[in-house]
Structures are given as structure tokens and as C-alpha cells.
Amino acid sequence: MSVTISIGSGKGGTGKTMVIVNLALMLAKMGKKVCLVDLDLGGADAHILLGLFEPKRTLTDFLTRKVGSTTDIIHTFYSFNGLQFIPGTGHTLQTANITYQEKQRLLRSLAAVETDVMLIDVGAGTNYHALDFFMFSDLQICVTLPDPTSIMDMYTFLQLATIRKMLGSFLSQSDIGTALKSHSFNTLNEVFELAEKTREGAKEKAQESLRYFHPLLIVNRDSAGGRVNKFKLRKMVAKYLGIDIPELGDIPEDGKIDEALKAFLPVCELYPNTPAALALTAIAEKLEKVISLFSPVPHKGV
Ligand SMILES: Nc1ncnc2c1ncn2[C@@H]1O[C@H](COP(=O)(O)OP(=O)(O)OP(=O)(O)O)[C@@H](O)[C@H]1O
Ligand SMILES: [Mg+2]
């Protein structure tokens, strides 16, 4: 059984790639078969953090049909406990604007990869690709910095992801496109109203779709001065988005992260006892427990 976990944020540069690369490594060290996927279309850089400068094959080869399956582009890091890695694509016109069909082909192929845990870096932003890749997974992690703009961007990201998930529960893909063009959907109630108008039972389906949606929260670059009132944040998200965001952990500001980046190694490998690495290790241990409790829900897909 494989569990898919994606990482996202509204704002760029919150530390998503750093976090997911280190979590992938730590889960591999714990004995899990892990596959890390760089789905940051146009901004792929996870390979650099792993010291792989020129991946032989990347997602571009899959998207341009040079290879038929994402399994054909897996790179195995034998020095990192057999961690498997699907490198992302550079910013090419062919891949920046992939179609819905291409996206489906990609997600179908990823779902067929045999692994215990698949970790997906979806990149920053609230474009449809980022939202769809985020929602494709069984579990989601969102990373924010402690500052108010980053928190607001994360809130907007979660709001859009929630709305898209709800719409997907009662509308077809083409109807979602039409609905999004004609409505701005500022609140969940507007989605419920549309559901009621669409067909009987659609509102219940929309509500039900959020039952398994509990994105896990990581606050990165935490410092004494920048403390987030997580209780208030969770209350606001629960009130306005109807979802709970359990805390996965905090990662302190730590200069060793940039030093590790310059050495092209994950910080947990190079400086395992530095505060950020210890926090990442604790998060990986918590995540492993969540994974072991988890049984995927049947409605996987976009
Ligand atoms: N806890 C931390 N302490 C110090 N520096 C950090 C910390 N977390 C991340 N950084 C630094 O912040 C920068 C951005 O990190 P990263 O590339 O992982 O962010 P990202 O969210 O993936 O960005 P993007 O949205 O562009 O993909 C990097 O230089 C990284 O080394
Ligand atoms: Mg990144």
C-alpha cells in the first residue's frame, strides 16, 4: 500500500523543497521505500538539494513521450538509503502549460509507481496545476513562514484548494472550469449554494469531500520574535474553511540549512544534530506514525 503526501504553500520560498527533501531522506533512513517527486513545474530544484546536477532523465521526457512511464525516469540514490527520485522539468513551453489530459496521464502514471510513500513537491502558488497536484495526494502538508503575509497566502491557498476539492465532488472537470469562470467563490457557502442548484444530494457530497481533508501544518523559520498564534490560525481556518489543520511541527531559523544547500546535501545528512535537522527528524517520526495509521480513501484523483 502506498501513501501519497504533497507539500504546498501559497507563497514561494517558504522552505517546501528543503522540508520535503529532508523528510524523504529521513523516512528512507527509517526503512520506508520512498519516492520523491518534483512536480514544481518550471521551478524544479529538488535535484540540486540532493547533489544531482544533471539528471539523466526528467519529467520532460515523460511529458514529451520520450518514455512511456514515470517509472522509467526514477533515479535511485544508493547513498541515501535507496531513496527514489523523479526529477522535475525545466521551464519549457511544452511543460509549463500541460493540458488536463496530460496531467491525468502524469497522475495515473505516478499512482502506478510501487513504493511505500510518495512525497510530492507541488511548488508555490495557486495555479490549477499546483492545486490539483496538492489535492491528488492522500495527505497534504502546508508550509508557512511565521509572518502575516505568508500566513495569509497559505490561508488563500487552502481556501482555493478546499473550493476546488468541493467543486470536484459534484461537478465534472469541464463544469468546474465553467463554474470557476462565472463565479468568484469567496466563501464555502457560495459553493454550497451552487451545489444545491446543481442537483439533489450535491451539497452533502461537497460537505463529505472535506471529511478527509486535514492539511498538516509546518511553520518554518520560526524564531522567538515571529511566533504564530497557531491556536487562532486553526480556529480561523476551521471557522471559515470548515477544515482542521493539525500541527506537524515547527522548524527554527538555522544558518546550517544554507550551508547544507551550498554543500548540495540535505541538512539532516550533513548536520544531523543542528536544531533544524532535529526538528525535521521529529517531524519525520511524527509523519511515519501518521502514515502507519493511514489507509487511503477510495476517492483519490483530481
Ligand atoms: N529554517 C530555515 N532556516 C534558514 N534558512 C532556511 C530555512 N528554511 C529554508 N531556508 C532557506 O530558504 C530558501 C528557500 O527554501 P526552499 O527553496 O526550500 O523554499 P521553497 O518553498 O521550495 O521555494 P519555491 O517556492 O521557490 O519552490 C533556501 O535558501 C533555504 O536554504
Ligand atoms: Mg521549491
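Whatever order the structure lists them in is the order used to number ligands and atoms, beginning at 1. Model, not experiment: these values are computed from the prediction.
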With no hydrogens and no angle check, do the side chains of T144 and S150 hold a donor and an acceptor under 3.5 Å apart? yes
Regarding ligand 1, does [X] bring an N or O atom to under 3.5 Å of one of the ligand's N or O atoms?
| X | answer |
| --- | --- |
| D121 | no |
| D254 | yes |
| I251 | no |

Shortest non-hydrogen separation from [X] to [Y] and the atoms involved:
| X | Y | result |
| --- | --- | --- |
| A195 | A202 | O-CB, 3.3 Å |
| K103 | Y128 | NZ-O, 4.1 Å |
| I176 | G168 | CD1-CA, 3.6 Å |

Answer yes when E208 and K205 have at least one side-chain N-carboxylate O distance shorter than 4.0 Å, and no when they do not. no
Looking only at protein heavy atoms, identify the closest one to [atom] and say how far it is in Å.
| atom | answer |
| --- | --- |
| atom 19 (O) of ligand 1 | G15 N, 3.0 Å |
| atom 2 (C) of ligand 1 | I257 CD1, 3.3 Å |
| atom 26 (O) of ligand 1 | G13 N, 3.8 Å |
| atom 21 (O) of ligand 1 | K16 NZ, 2.7 Å |
| atom 22 (O) of ligand 1 | T17 OG1, 2.7 Å |
| atom 30 (C) of ligand 1 | D258 OD1, 3.6 Å |
| atom 5 (N) of ligand 1 | R221 NH2, 3.1 Å |

Take atom CZ in F53; do more than 12 heavy atoms of anything else shown fall under 6.0 Å from it? yes
For R234, does the CZ atom have more than 12 heavy-atom neighbours from other residues, nucleotides or ligands under 6.0 Å away? yes
If the cut-off is 4.0 Å to any non-hydrogen atom of [X], which atoms of ligand 1 fall inside it?
| X | value |
| --- | --- |
| N220 | 1 (N), 2 (C), 7 (C), 8 (N), 9 (C) |
| A124 | 25 (O) |
| M18 | 8 (N), 18 (O) |
| G12 | 25 (O) |
| L261 | 29 (O), 31 (O) |
| D40 | 27 (O) |

d(L110 CG, T71 OG1) to nearest 0.5 Å is 8.5 Å
Does anything in residues 13-31 form a salt bridge (Lys or Arg N to Asp or Glu O under 4.0 Å)? List the pairs, not counting sequence neighbours. K29-E269
Closer than 3.5 angstrom, by distance alone: can the side chain of T76 be matched with the main-chain N or O of G82 as a donor-acceptor pair? no
Considering the Mg ion (ligand 2), could you give the total of protein N/O/S atoms lying closer than 2.8 Å? 1
Please confirm whether G43 approaches ligand 1 to less than 4.0 Å, judged on its heavy atoms. no
Less than 4.0 Å is my threshold; does some heavy atom of P252 fall inside it relative to ligand 1? yes
With sequence neighbours left out, what residues match E204 under side chain to side chain contact (heavy atoms under 4.5 Å, CB included)? none
T178: side chain to side chain contact (heavy atoms under 4.5 Å, CB included) partners, not counting sequence neighbours: none
Side-chain heavy-atom pair L39, L59 within 4.5 angstrom cut-off: yes
Taking the six-membered ring of F170 as reference, does the NZ or CZ atom of R199 fall below 6.0 Å from its centre and within a 45° cone about the axis? no
Is there a path of hydrophobic side-chain contacts, each under 4.5 Å between heavy atoms of I/L/V/M/F/W/Y residues, joining L261 to L278? no
